[in-house]
Enquirer: 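Starting off with a structure, shown below.
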Amino acid sequence: ADIGSQKDRVVTEEEWLQKWEMGNIGFHKEQGHPLLRKYLDVLLKGRSGLRIFFPLCGKAVEMKWLADMGHEVVGVEVSEQALKEFFAEHSLPYCQEPVPEISGAKKLQSTSGNISLYCCSIYDLSSSVVGKFDGIWDRGALVAVNPCDRQRYVSLMITLMERNSSYLLVTVSYDPNKHKGPPFYVPESEIKSLFG
Ligand code: SAH
């Protein structure tokens, strides 16, 4: 498949921060994502007390859903504003601390301890900092990554997965010559070659 003009497009971290400042966040779903409800069993496979990862988390309300079901949630997001809005909008008290292994990074953690959100670039994380996960919810994440960074992103995700973990991926399908993205169009064939 042809991803045309999107191949070389780059959205900088600065541009993402600006989107949050301007309230330009059409990607945020206040009601949560129907596909997570639909495929929840595929993610959880009947298991409880899982560690679930939210790459490029924004202020996704699904983090609250999964925490309320008794799972441990970890997210990563470059916008501190997004993370503060998440805790504020769910009236969750939290504390914040630096992350010794990652210069400039902060960890915002709910006081109850089951939601830890890292404010840094996804590319600064590794399993030595966040551990490994039983499940990953990838919505607005792979499709938001710059096309040139996809391989690096997916390789990192694979290193964060436990042996029996499940990965739910949401993509969008449209003519990439008609919109510049994000969300970017990631063809099915590319998903297969990226994840193997
Ligand atoms: N997954 C969320 C947000 C999708 S929008 C949801 O479903 O609502 C993509 C998010 O990724 C934005 O909030 C943006 O600030 C963040 N982001 C972009 N590049 C990033 C990077 N390199 N590391 C961490 N977060 C990033």
Side-chain angles (χ1 to χ4, degrees), residues 6 8-40 43 52-67 71 73-90 92 96 99 101-108 115-127 129-130 133 135-160 167-172 174 179-186 191 194:
Q6 293 191 344
D8 301 314
R9 178 149 154 74
V10 169
V11 179
T12 63
E13 282 183 22
E14 196 50 48
E15 288 174 88
W16 282 109
L17 298 182
Q18 275 165 16
K19 286 181 201 280
W20 279 100
E21 274 164 38
M22 308 289 291
N24 233 331
I25 52 162
F27 50 81
H28 177 66
K29 279 182 120 53
E30 224 145 288
Q31 303 305 319
H33 208 293
L35 287 172
L36 180 56
R37 291 186 199 280
K38 183 167 178 195
Y39 292 104
L40 191 61
L43 185 67
I52 310 281
F53 186 49
F54 282 70
L56 283 67
C57 62
K59 54 174 181 176
V61 302
E62 298 87 351
M63 297 194 285
K64 178 75 166 44
W65 294 359
L66 285 157
H71 305 289
V73 168
V74 175
V76 60
E77 164 61 51
V78 284
S79 167
E80 186 172 351
Q81 179 186 339
L83 301 181
K84 290 190 161 161
E85 287 180 14
F86 172 80
F87 288 116
E89 288 170 14
H90 297 282
L92 288 169
Q96 82 184 48
V99 182
E101 301 91 335
I102 309 171
S103 93
K106 286 180 191 163
K107 178 166 94 167
L108 283 67
I115 305 178
S116 303
L117 307 181
Y118 288 80
C119 184
C120 64
S121 169
I122 180 86
Y123 306 112
D124 293 332
L125 281 192
S126 65
S127 61
V129 179
V130 291
F133 297 94
I136 298 182
W137 169 244
D138 183 322
R139 182 269 168 180
L142 176 64
V143 297
V145 160
N146 290 319
C148 60
D149 294 324
R150 277 177 197 157
Q151 185 63 67
R152 182 181 180 198
Y153 170 84
V154 171
S155 301
L156 172 64
M157 289 305 119
I158 290 170
T159 66
L160 297 181
Y167 195 113
L168 286 188
L169 171 66
V170 183
T171 63
V172 285
Y174 65 89
H179 304 273
K180 62 185 170 114
F184 297 112
Y185 169 57
V186 188
I191 292 167
L194 285 168

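All figures in this text were calculated on a predicted structure; none of them were measured in a lab. Ligands are counted one by one from 1 in listed order, and the atoms in each one are counted from 1 as well. We count residues from 1, following the sequence as given.
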Enquirer: Applying side-chain contact (heavy atoms from CB on, under 4.5 Å) to W16 and E77, what does each step give before you reach the verdict?
Expert: CA-CA 10 Å; W16 282 109; E77 164 61 51; 5.9 Å; no
Enquirer: Answer yes or no: is there a donor N or O on one side and an acceptor on the other, between the side chain of Q6 and the main chain of H179, under 3.5 Å?
Expert: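 Checking the backbone N and O of H179 against the side chain of Q6, a donor-acceptor pair under 3.5 Å is found.
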Enquirer: So, the side chain of E13 versus the backbone of S121: is there a donor-acceptor pair under 3.5 Å, distance only?
Expert: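 Answer holds: no.
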Enquirer: Considering only heavy atoms, which protein residues lie less than 4.0 Å from any atom of ligand 1?
Expert: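 Heavy-atom contacts below 4.0 Å: W16, W20, F27, L56, C57, G58, E77, V78, C120, S121, I122, Y123, R139, G140, A144.
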Enquirer: Sub-3.5 Å donor-acceptor pair from the side chain of R9 to the main-chain atoms of G181, do we have one?
Expert: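 Present.
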Enquirer: Within the distance-only criterion (no hydrogens, no angle test), does the side chain of E62 pair as donor or acceptor with the backbone N or O of H33 below 3.5 angstrom?
Expert: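 Side chain of E62 to backbone of H33, a donor-acceptor pair under 3.5 Å: yes, one is there.
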Enquirer: Please evaluate residues L40 and W65 with respect to the criterion side-chain contact (heavy atoms from CB on, under 4.5 Å), reporting the C-alpha separation (whole Å), side-chain torsions for both, the decisive distance (0.1 Å), and the verdict.
Expert: CA-CA 11 Å; L40 191 61; W65 294 359; over 6 Å; no
